[in-house]
Number of protein chains: 2
Amino acid sequence: MDKKEKLLQAALKLFVEFGFHNTPTSKIALEAGIANGTLFYFFPTKDDLVKALYLDLKSQLAAHTAETIRDQTDLRAMMQGYYSATLTWALKNRTAFRFMQQFNSSPYLHQLAEEEMQKHIRPLLSLLEKGMHDKIIKQMDVDIIFTLISGHTFSINQYLVAKQLTKPEQDKVIHDTFNLLWDMIT
Amino acid sequence: MDKKEKLLQAALKLFVEFGFHNTPTSKIALEAGIANGTLFYFFPTKDDLVKALYLDLKSQLAAHTAETIRDQTDLRAMMQGYYSATLTWALKNRTAFRFMQQFNSSPYLHQLAEEEMQKHIRPLLSLLEKGMHDKIIKQMDVDIIFTLISGHTFSINQYLVAKQLTKPEQDKVIHDTFNLLWDMIT
DNA sequence: GTCTATACACCGATAGAC
DNA sequence: GTCTATCGGTGTATAGAC
């Protein structure tokens, strides 16, 4: 693993534990086993590091969901793939998901270009539009449907993280709550 | 308005714009029209100010929802009251709601006593348990139902804030999405 | 590319007068 | 209670050697 990767990993761990602030760059470098000044060779400012980390994790998640639904053609199966892929990724990468939440509701978010924000949600939006056109999904503003799905996913993740469930129990929750969601939007 | 109130208000405004960090106490005092040192007379530390602000806003919201559903007896009407009261409060107090989101997904949250966290959600939880006992609400873990309601409310707020809707349009969205929610949990 | 050493600005908190 | 003045600690970022 190269030093850049090490820095991102160290930053993630510390940011989630202490917050963006209360995490000096010196601690990040220390945790990564890298000299203080070297951090600024890879990331010109601390803000750049924070944003790079966010974008990196977002790409990882997107890659994982895309991979999961690759072979699906049916809309319901695709949506379910999206849903469970997101949740299993979130469970496997809890600190990553927590960091993304934290970032999402911070003023940092507005520092990112609109384009970079849209890039990863575009596929899901297209899926919804198609489903609506085919009269499978309720005829509502597609943004409402989208926001409902996000909120649902987000909150079930909170639940799964809070409870200590076995893998089969987790799968059952994911399965059952997807049905609730699907019934709501169709 | 007393100085303490002025400080809370100034802090709210600046925290939402710049984040907890990137908002020095000096700026807060300046915005409140109060001397730097005086801030520490009211709040021993900056953290105390942050936490006090959160608790204060949470109480305001709770008071508003409680007031709204006071005369309701029917479960559905009470739930709808809760839902729309929360959303209208959030729309009227956007910065307040944004701050609470920010706080909720920050490490600060863990510094608050469990008791203080539970205090305001207890009434809603009781309502749900009663509804489940009366077989109105689906027989699931009550925490799932609760988290679903929170997530739903949260995400519809995001939607309402993002879109620029007229009051009647807002009311329609709130009405329609409550029906979706209610159908999902009953 | 990576390190050490350090500049220097900034901020939370205190002291003490009124 | 409120102000002014200030200190000590800390953190981002740079300089410069290797």
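Every chain is numbered from 1, with letters handed out A, B, ... down the list of sequences.
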### Message
Do B:Thr65 and B:His120 make a side-chain contact, defined as non-hydrogen atoms from C-beta onward lying under 4.5 Å apart?
### Response
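Counting from C-beta outward, B:Thr65 and B:His120 never come under 4.5 Å.
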When you group the ILVMFWY residues by side-chain heavy-atom contacts below 4.5 Å and let the links chain together, are [Y] and [X] in the same group?
| X | Y | value |
| --- | --- | --- |
| B:Leu61 | B:Leu125 | no |
| A:Leu181 | B:Ile145 | yes |
| A:Val161 | A:Phe103 | no |
| A:Phe154 | A:Tyr82 | no |

With the side chain of [X] defined as its heavy atoms from C-beta on, choose the nearest nucleotide among [options].
| X | options | answer |
| --- | --- | --- |
| A:Pro24 | C:dC11, D:dT12, D:dT2 | D:dT12 |
| A:Phe42 | C:dG12, D:dT2, C:dT2 | C:dT2 |
| B:Thr45 | C:dA13, D:dC3, C:dT2 | C:dA13 |

Whole angstrom is fine here: how far is it from [atom1] in [X] over to [atom2] in [N]?
| X | N | atom1 | atom2 | answer |
| --- | --- | --- | --- | --- |
| A:His21 | D:dT12 | NE2 | P | 12 Å |
| A:Leu14 | D:dG11 | CG | P | 12 Å |
| B:Asn36 | D:dT6 | CG | P | 14 Å |
| B:Lys4 | D:dT2 | NZ | P | 12 Å |
| B:Ile34 | D:dC3 | CD1 | P | 7 Å |
| A:Phe40 | C:dT2 | CZ | C1' | 14 Å |
| A:Phe20 | D:dT12 | CZ | P | 14 Å |
| A:Phe15 | D:dG11 | CZ | P | 13 Å |

### Task
Taking only the side-chain nitrogens and oxygens of A:Thr38, find out if one of them lies under 4.0 Å from OP1 or OP2 of C:dG1.
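Checking C:dG1 against A:Thr38, no side-chain N or O comes under 4.0 Å of OP1 or OP2.
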### Task
Establish, with yes or no, whether the OP1 or OP2 oxygen of C:dT2 is under 4.0 angstrom from a side-chain nitrogen or oxygen of A:Tyr41.
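A:Tyr41 to C:dT2 OP1/OP2: no side-chain N or O under 4.0 Å.
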### Query
Which residue lies toward the 5' end of DNA chain D, A:Gly37 or A:Lys27, if each is placed at its nearest nucleotide?
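Result: A:Lys27.
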### Message
So A:Leu39, base contact, sugar-phosphate only, or nothing? Heavy-atom distance under 4.0 Å.
### Response
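The residue A:Leu39 makes no contact with any strand.
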### Message
So A:Phe43, base contact, sugar-phosphate only, or nothing? Heavy-atom distance under 4.0 Å.
### Response
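Nothing, no heavy atom under 4.0 Å.
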